[in-house]
Each structure stands twice: as C-alpha cells, then as structure tokens.
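In the text below, chain A, chain B and the rest are named by the order of the sequence lines, each starting its count at 1.
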Number of protein chains: 2
Amino acid sequence: MIGQKIRELREENDFLLRQLAAKLDIDTAQLSKMERGERLFKKEEIIEIAKILKANEKELLTIWLADKLYKTAEGEKHILDAIKLVEKKLQQK
Amino acid sequence: MIGQKIRELREENDFLLRQLAAKLDIDTAQLSKMERGERLFKKEEIIEIAKILKANEKELLTIWLADKLYKTAEGEKHILDAIKLVEKKLQQK
DNA sequence: TTAAATTAGCCATTATTTGTCAAGTCAATA
DNA sequence: TATTGACTTGACAAATAATGGCTAATTTAA
C-alpha cells in the first residue's frame, strides 16, 4: 500500500527505480521489493522519499504506519475490538 | 497490559508463577517477564492460559492483539489517522 | 531470619529481516 | 529477431531481533 503509493509518486516524478534507489542509497532490487510490499520501508526512507518526490510527509508516514498495523493484525480475530482498546489506551495518555 | 491481566487472573486462581509456568511448560523466569511485558506471549499460550484459568479466550486474545498493535504504533505520529486507514482497509475485505 | 517466590542478567540458539549480487522476464526498438 | 533498458526474482550471507534456559540476586511473607 505505501509501496504502491510511492511507486505512483515516483512515476509521476519521472524517476526510474534505480534513480530513486540511488538517491536513497539502497539497492535497486531492494526498492523494487519495497514498492511491491515484499520488504518494508524504514521510516527514514519514507521521510527522505517525501523530500525527493515533493510529497506530503505526514500522509506518507500515516500510510506507512497503517501498513505496519495492518500487517500486525492481519489474519487475527477480533481486530476491530483490539483497535478500540488501542484507541482507549491512547486517550489515557 | 495482557501480562497484567494474566497476572491478575493467575492470582485470582491462586496459581504461583512456577505452577502456571509448569502447566505451560515454560521457564518460570520467562513467564515472569511475560507478565511484566518484557517478553511476548504466543497466541497459543494465551489460548492455553484461558483454559487453565477459566477465562474468556476472546477477551484475552483481544487484549493480546491490542498490545501488539500498541507496540507497533507506540511513539509514532499520526497514530489515529493510521488506525482510520486500517479500519477502512478492513471494510474493503 | 530464612525459605519460597519472583526478578534480573547472561549467553547460546533460533528466527526474522536486510543487503548484495547474478540471472531472469518483458517491452520497446533498431 | 537481437539488443537494450527497466524491472523482478531467487539465492545466500550478514546483521538484528526474539526466544529459551540457566543461575544469581532480590523481594516477600511467615
């Protein structure tokens, strides 16, 4: 999901995989996997990508975090109940 | 949080750490850490504990999952926005 | 105090994630 | 149809994180 979003942004900005990979100083194959969701982006990479592709950092980080949460919950039962508990706990702080 | 809950249940049922640990076939020190949140419970252990302590399995699993989600999100920005995205994605399925 | 219960700290083992490279597919085009 | 460029795939080693098991220390309750 975040990968798909980044791929779209990259293509809108006419960057090749290897060009963006170079800017991020990572392997092209790695970025390919990241964009297709096979591997995770680091938070720092998302922030860097937002700068490079002139995108909204907050939006990207939000999608990135949503991905991680989704991956954690995926396949479990009672996900919505658990989310409610998390929201409750967040309010306490 | 799930650890705290399990500790309460264990004490209500007058089980010692070593007794519950024995039933779960894990080390006492390990269970101690789990109850204090230093280490994670496995899902199977939660299910087993629900049986042993005659507790509501759904409730325990929900708290257990909420813990994992909270841990994933902890310290990040835009958590609530990310949660909304997760809920949206869950609806799509 | 002292004995039982719990916690802390290590270290070895295992699992998961990451980085790197070489080979592969596919589409455009010479 | 051979070549080229962009991207993907798979394999594997390196790095990181999680787990298990043990012993010593600390806390608690009698």
Side-chain angles (χ1 to χ4, degrees), chain A residues 1-50 52-53 55 60-61 63-76 82, chain B residues 1-50 52-53 55 60-61 63-76 82:
Chain A
M1 174 124 185
I2 184 59
Q4 180 188 324
K5 176 74 182 178
I6 285 170
R7 173 155 293 189
E8 286 165 9
L9 285 169
R10 174 171 66 76
E11 290 176 344
E12 283 170 15
N13 283 264
D14 290 315
F15 273 72
L16 298 176
L17 259 184
R18 69 175 161 73
Q19 293 173 326
L20 182 55
K23 290 234 179 197
L24 296 170
D25 192 29
I26 61 178
D27 187 67
T28 302
Q30 194 86 309
L31 181 57
S32 169
K33 287 168 188 168
M34 287 168 168
E35 286 189 348
R36 286 171 299 111
E38 273 188 39
R39 297 200 183 181
L40 300 175
F41 287 91
K42 292 178 184 156
K43 181 160 53 160
E44 295 65 36
E45 290 167 341
I46 298 293
I47 293 169
E48 191 62 20
I49 286 169
I52 296 169
L53 302 181
L60 293 190
L61 284 175
I63 298 172
W64 170 79
L65 178 55
D67 262 19
K68 294 216 303 177
L69 290 172
Y70 187 84
K71 191 181 165 198
T72 299
E74 202 173 8
E76 298 294 344
Chain B
M1 176 123 183
I2 184 60
Q4 180 188 323
K5 176 73 180 179
I6 284 169
R7 172 155 293 188
E8 287 165 8
L9 286 169
R10 175 172 65 76
E11 292 176 342
E12 283 171 14
N13 284 263
D14 291 314
F15 273 72
L16 296 176
L17 263 181
R18 71 175 160 74
Q19 293 172 326
L20 182 55
K23 290 233 180 199
L24 295 169
D25 192 27
I26 61 178
D27 186 68
T28 301
Q30 195 86 309
L31 181 56
S32 169
K33 286 167 189 165
M34 287 169 167
E35 285 189 349
R36 287 173 297 115
E38 274 189 37
R39 297 203 184 182
L40 301 174
F41 287 91
K42 293 179 184 157
K43 182 161 52 160
E44 294 66 35
E45 290 166 341
I46 299 293
I47 293 169
E48 191 62 19
I49 287 170
I52 296 169
L53 301 181
L60 294 189
L61 285 175
I63 298 173
W64 169 80
L65 179 55
D67 262 21
K68 294 215 303 178
L69 290 171
Y70 187 84
K71 192 182 168 200
T72 299
E74 202 174 8
E76 298 295 345

Mind calculating the distance between [atom1] ([X]) and [atom2] ([N]) to the nearest angstrom?
X: Leu17(B); N: dT27(D); atom1: CG; atom2: C1'; value: 13 Å
X: Phe41(B); N: dG20(D); atom1: CZ; atom2: C1'; value: 15 Å
X: Gln19(A); N: dA6(D); atom1: CD; atom2: P; value: 8 Å
X: Gln30(B); N: dT13(C); atom1: CD; atom2: P; value: 16 Å
X: Phe15(B); N: dA4(C); atom1: CZ; atom2: P; value: 20 Å
X: Glu38(B); N: dT7(C); atom1: CD; atom2: C1'; value: 8 Å
X: Asp14(B); N: dA5(C); atom1: CG; atom2: C1'; value: 14 Å
X: Leu31(B); N: dG21(D); atom1: CG; atom2: C1'; value: 14 Å

Expected output: side-chain Ser32(B) to main-chain Thr28(B) donor-acceptor under 3.5 Å: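 Between the backbone of Thr28(B) and the side chain of Ser32(B) there is no qualifying donor-acceptor contact (under 3.5 Å).
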Which heavy-atom pair separates [X] from [Y] by the least distance, and what is that distance?
X: Met34(B); Y: Leu40(B); answer: CE-O, 3.5 Å
X: Ala82(A); Y: Ala66(B); answer: O-CB, 3.6 Å
X: Leu65(B); Y: Ala73(A); answer: CD1-CA, 4.2 Å

Side-chain donor/acceptor of Lys33(B) to base of dG9(C), under 3.5 Å: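 Under the 3.5 Å cut-off, the side chain and the base do form a donor-acceptor pair.
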At under 4.0 Å, does any side-chain N or O of [X] touch on OP1 or OP2 of [N]?
X: Arg18(B); N: dT7(C); result: no
X: Lys42(A); N: dG19(C); result: yes
X: Ser32(A); N: dT8(D); result: yes
X: Arg7(B); N: dA5(C); result: no

Indicate yes or no: at least one non-hydrogen side-chain atom of Phe41(A) is less than 4.5 angstrom from one of Asp67(A).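 With C-beta onward as the side chain, the pair stays apart.
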Taking C-beta and beyond as the side chain, do Glu45(B) and Trp64(B) meet within less than 4.5 Å on heavy atoms?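 Glu45(B) does not reach Trp64(B) side chain to side chain.
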List, one per line, each side-chain donor-acceptor pair under 3.5 Å for residues 12-19 of chain A, sequence neighbours excluded.
{"from": "Asn13(A)", "atom 1": "ND2", "to": "Leu9(A)", "atom 2": "O", "distance (Å)": "2.7"}
{"from": "Gln19(A)", "atom 1": "OE1", "to": "Leu16(A)", "atom 2": "N", "distance (Å)": "2.7"}

How would you label the contact of Arg39(B) with the nucleic acid (heavy atoms, under 4.0 Å): base, sugar-phosphate, or nothing?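 Counting heavy atoms under 4.0 Å across all strands, the contact made by Arg39(B) includes a base.
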What string of B, S and - do you get for nucleotides 22-30 of chain C 5' to 3' if you count protein non-hydrogen atoms under 4.0 Å? ---------
